[in-house]
Amino acid sequence: MSIQETDWIEEQQRVHLVTGQIGERIERLEAEVGAVKTDVVDIRRHFWDDVTVNLGTHDDLAETYRSMKQQAEVLSERERSYRNTASALSKFRRLKQSPYFGRIDFRENGQQKVEHIYLGIASFLDEEQNDYLVYDWRAPISSLYYDYSPGDAAFETPSGEVSGEMLLKRQFAIRDGDIRFMFDTGVTIGDELLQQVLSRSSDSQMRSIVATIQKEQNQIIRNDRSRMLIVQGAAGSGKTSAALQRVAYLLYKYRETLQADQMVLFSPNPMFNSYVATVLPELGEENMQQTTFQEYLERRLGRRFEVEDPFNQMEYVLTAADEPGYQVRLSGIRYKSSADYLLAIRTYKDLLEREGMLFTPVRFRGGSIVTSEQMRDKFYSFDASVRLRNRLVLMKDWLLEEIRAYEKSQRREAWVEEEIELLDAEDYLRAHNKLRRIQKDKDETFDDFHLERDILARMVLQEKLKPLRTRVKNLRFVDVYSLYRQLFTDERIFNGVAEDAPQRWHEICRQTLERLDRGELAYEDATPYLYLQELLLGFQTNTSVRHVIVDEAQDYSPFQLEFLKRLFPRSRMTALGDLNQSIYAHASALSDYDPIAALYGPDHTEFIRLTRSYRSTREIVKFSQGMVPGGEEIVPFNRSGEQPMVIAVADHKALHDKIVADITALRTEGYDSIAVICQTAAESAEAYEALSQRVRLGLVTKHTPSFEKGTLVLPAYLAKGVEFDAVIIYNGSNERYSREQERKLFYTACTRAMHLLHIYSVGEPSVFITTQPADTYKVESLMV
């Protein structure tokens with residue numbers, strides 16, 4: 001809708017008024033920050049000058065403690081005041097650049113007054129008039145902007161629903177205090193604003209989307225009903241962006257009870273963590289905790305095993321098809337990540353209450369204090385009604401008694417005498433002082449030598465047996481390694497816990513045992529092993545975390561999501577993913593609604609589907625949607641560009657010549673972010689070696705800590721979740737991409753492109769290309 005010139009003038013005047021007041025607030029806050037910082041520095045510098053230190057008497061000690069505590073509290077209060085003021089100052093500086101992005105005029109039913117609501121990234125109150133000049137986008141009334149067109153509208157407040165009429169919806173782009181463009185719209189977010197945002201170059205870090213949140217994304221952001229929220233969204237539908245705005249919304253709504261460090265984001269790789277690291281600070285919130293599932297596995301199992309990561313597993317799946325045992329490994333991956341194997345592990349735990357329990361003998365100086373057979377007999381001597389975990393606690397107490405008895409029996413042994421001779425003067429002094437206390441308490445003075453020697457023997461034995469006692473207290477006498485191994489060595493036990501063995505189970509067992517014997521834990525074994533360990537020894541839970549965000553959830557197995565639920569028992573969970581990007585060999589948790597709904601129950605689980613893709617041009621979406629099942633449901637945003645180009649070359653020399661020329665031309669045309677996407681890490685290394693000698697670029701590996709703008713070479717599985725101005729598929733040939741398990745990987749690579757997609761092929765292009773409608777892409781053949 002057109003804007004009258006008078007409206008434009010009035011809106012610009014208001015911008016100047018608001019930014020002027022924000023500027024005044026900034027000046028006051030700068031002065032306050034400076035004063036508080038001076039206080040903090042001064043208190044730190046003179047901390048001990050203002051503390052009375054006197055250690056003469058008990059009363060003097062108490063007075064010294066009170067004085068130090070009071071001074072520390074003053075310092076803590078000043079530091080807290082400094083942090084809060086500095087945070088507010090940072091927020092207002094951002095607000096001054098672009099104070100708001102939207103306006104709605106709303107009249108509540110039964111009222112004559114029309115409220116003019118301006119929305120920005122934070123609230124700004126006119127303190128003199130006690131009137132909000134800018135409303136935080138997360139405020140209840142702000143939901144009108146995202147959910148309604150002009151007409152009847154309503155929003156929820158803590159006291160109930162407020163209904164009325166929206167008379168106007170206006171959108172702005174304001175930079176440095178000037179309105180760059182402005183328009184009225186009858187839809188949630190006008191195409192004009194989205195066109196402006198989506199036509200820009202991609203950044204090295206994800207941007208906030210508060211000005212362009214769509215209605216379906218707003219449902220994700222403001223959902224605080226569900227214990228489990230599942231978001232299935234097409235590539236480029238804004239899943240991750242909506243999830244991060246959701247975090248900001250929850251921190252705003254529950255600011256009295258929820259802190260950023262009580263929320264955890266599980267992301268696909270460390271590089272992705274840096275890619276999204278600025279979104280929350282841009283909205284004035286602290287970043288939540290960020291990690292990867294692999295980092296957690298490494299922390300828990302890394303001391304015992306060399307734990308394979310999902311990227312090495314992916315490299316194997318993509319490159320080892322001709323190796324012996326390949327199909328066996330794939331079968332093992334699928335089974336060990338399935339709900340069936342999860343059930344088998346649970347049943348195994350129940351079986352161990354009756355038979356099959358294995359223990360590590362309690363050994364000391366080459367001999368056994370308690371043998372594994374004695375431990376097994378003791379374990380099964382307890383009443384069968386006692387649960388496994390409680391039996392292990394009883395076992396712990398029994399073993400500590402056995403160690404105590406063993407310690408007593410060893411006090412006169414020759415090796416103890418030898419250890420006593422090696423004690424230093426400080427140990428002898430401690431023994432002597434203990435002896436004096438005993439004599440004083442008992443009024444005894446006889447047999448000092450033998451009593452002192454007995455004290456020294458106890459000191460030696462306690463010190464030597466301390467690691468053994470610690471192991472017992474931590475239940476490390478349970479042989480989890482052998483128990484997991486037993487599933488693959490004892491066919492009778494496995495058949496007793498598993499409903500159906502997968503095909504070629506005996507070969508799967510052989511492969512698994514070979515890796516375990518080498519001290520390796522395959523990625524598909526890591527979660528089941530840890531889950532069994534937790535079932536036996538007790539789950540190490542984190543009750544402080546209140547919300548878990550799982551990004552790229554299609555890469556998680558049902559087993560892994562169940563484990564996360566156990567790990568964070570008091571938490572809600574948001575799982576975001578796209579089944580069409582399920583690139584790993586294991587079963588995806590998103591492939592079946594029932595197992596996910598079973599985690600928290602159907603009544604506490606909600607499913608939201610996003611079908612509109614905003615990242616790529618219409619031409620790129622049209623080309624890629626035919627590659628995956630259900631792709632026809634993906635709705636491209638109305639942004640045009642060039643059709644994808646497929647270039648066939650005869651050999652790798654021609655491939656490298658053409659790609660170098662392509663990169664050079666793209667840079668000249670202003671494309672700042674270019675990805676050369678390969679199938680694997682090995683192919684990425686080869687491409688980088690060949691191209692980096694002729695053109696400046698960077699290589700992304702699984703160890704790359706941060707996402708940088710520029711021209712990057714990377715494997716397709718590390719490109720997930722990020723986007724680029726232009727994407728060059730290094731070798732989209734049929735040799736590289738023809739197996740069904742490579743279909744979604746190829747789709748993932750193509751959908752990273754925002755504006756331009758070029759696919760090179762050494763020889764015949766992939767069948768995933770040639771089966772697309774011929775009018776969805778262009779072909780250039782350089783074959784000789």
Side-chain angles (χ1 to χ4, degrees), residues 232-237 239 268 310-311 313-322 326-327 329-331 333-334 337 552-557 577-592 611 613 615-616 619-634 636 644 646 648 675 677-684 714-722 727-753 757-774 776-777 779:
Q232 162 67 36
S237 58
K239 300 181 295 294
F311 311 120
Q313 186 197 76
M314 172 63 74
E315 288 287 316
Y316 175 86
V317 170
L318 293 174
T319 62
D322 296 330
Y326 178 78
Q327 292 300 328
R329 174 86 193 272
L330 289 190
S331 178
I333 290 172
R334 286 190 286 268
S337 61
E552 304 293 348
Q554 77 279 351
D555 294 338
Y556 287 71
S557 68
D578 176 12
L579 270 174
N580 288 327
Q581 296 181 67
S582 302
I583 62 175
Y584 291 101
H586 61 243
S588 171
L590 296 188
S591 61
D592 190 347
T611 57
S613 177
R615 174 187 297 136
S616 305
E619 287 76 12
I620 294 174
V621 173
K622 287 288 187 183
F623 167 72
S624 59
Q625 65 185 174
M627 296 179 186
V628 288
E632 68 279 358
E633 298 177 11
I634 301 172
V646 178
I677 298 183
C678 304
Q679 187 197 58
T680 65
E683 187 179 62
S684 297
L714 70 168
Y717 54 79
L718 288 181
K720 297 182 69 171
V722 296
V727 165
I728 296 171
I729 304 296
Y730 177 73
N731 184 8
S733 66
N734 208 48
E735 180 184 1
R736 278 281 185 259
Y737 299 96
S738 59
R739 295 181 297 171
E740 189 58 30
Q741 64 203 50
E742 294 160 343
R743 176 185 294 278
K744 292 179 178 179
L745 186 70
F746 189 70
Y747 169 81
T748 300
C750 292
T751 55
R752 301 307 94 198
L757 174 62
H758 290 175
I759 304 173
Y760 287 87
S761 169
V762 179
E764 185 69 22
S766 166
V767 64
F768 305 139
I769 299 172
T770 56
T771 53
Q772 301 313 308
T776 61
Y777 62 98
V779 178

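Keep in mind the model is a prediction, meaning the values are calculated, not measured.
- Under the 4.0 Å criterion applied to side-chain N and carboxylate O atoms, K622 and E619 are not assigned as salt-bridge partners.
- Side-chain contact, Q313 with E315: no donor N or O sits under 3.5 Å from an acceptor N or O.
- A donor-acceptor pair is defined here as one N or O able to donate and one able to accept, closer than 3.5 Å; no such pair exists between the side chain of Y777 and the backbone of I620.
- The backbone N or O of E764 lies less than 3.5 Å from no partner atom in the side chain of N734, so there is not a single donor-acceptor pair.
- Ring pair Y760/H758 is perpendicular by interplanar angle, where above 60° counts as perpendicular and below 30° as parallel.
- Across all their heavy atoms, S684 and P715 have their closest contact at OG-N, 3.1 Å.
- Summarising the geometry, atom OG1 belonging to T751 is positioned 12.5 Å from atom NZ belonging to K744; distances are rounded to the nearest 0.5 Å.
- When the ring-ring contact (aromatic ring centres under 6.0 Å, His included) test is applied to Y737, the partners found at least two apart in sequence or on another chain are F746.
- Atom CG of residue L757 and atom CZ of residue R752 lie 11.5 Å apart, to the nearest 0.5 angstrom.
- Counting heavy atoms from C-beta on, the side chains of Y584 and Y556 never come closer than 4.5 Å.
- When all heavy atoms are compared, the tightest approach of I729 to A749 is CD1-CB, 3.6 Å.
- In this structure, CD on E633 lies 9.5 Å from CG on N580, to the nearest 0.5 angstrom.
- Considering every non-hydrogen atom in both A585 and L330, the closest pair reads CB-CD2, 4.2 Å.
- When all heavy atoms are compared, the tightest approach of T748 to I583 is OG1-CG2, 3.8 Å.
- Considering CD1 of I677 and CG of L718, their distance stands at 10.5 Å, rounded to 0.5 Å.
- The one candidate from Q554, Q232, K239 that meets the side chain to side chain donor-acceptor pair (under 3.5 Å) condition with D578 is Q232.
- Here the shortest heavy-atom pairing between E552 and P268 reads CG-CG, 3.7 Å.
- Rounding to the nearest 0.5 angstrom, the gap separating the OG1 atom in T771 from the CZ atom in R743 is 6.0 Å.
- For F768 and Y747, the distance between ring centers is not under 6.0 angstrom.
- Atom CZ of residue R736 and atom CD of residue Q679 lie 5.5 Å apart, to the nearest 0.5 angstrom.
- The two residues I769 and G732 make their nearest non-hydrogen contact at CD1-O, 3.8 Å.
- Residues satisfying the side chain to side chain contact (heavy atoms under 4.5 Å, CB included) criterion with E735, sequence neighbours excluded, are S733.
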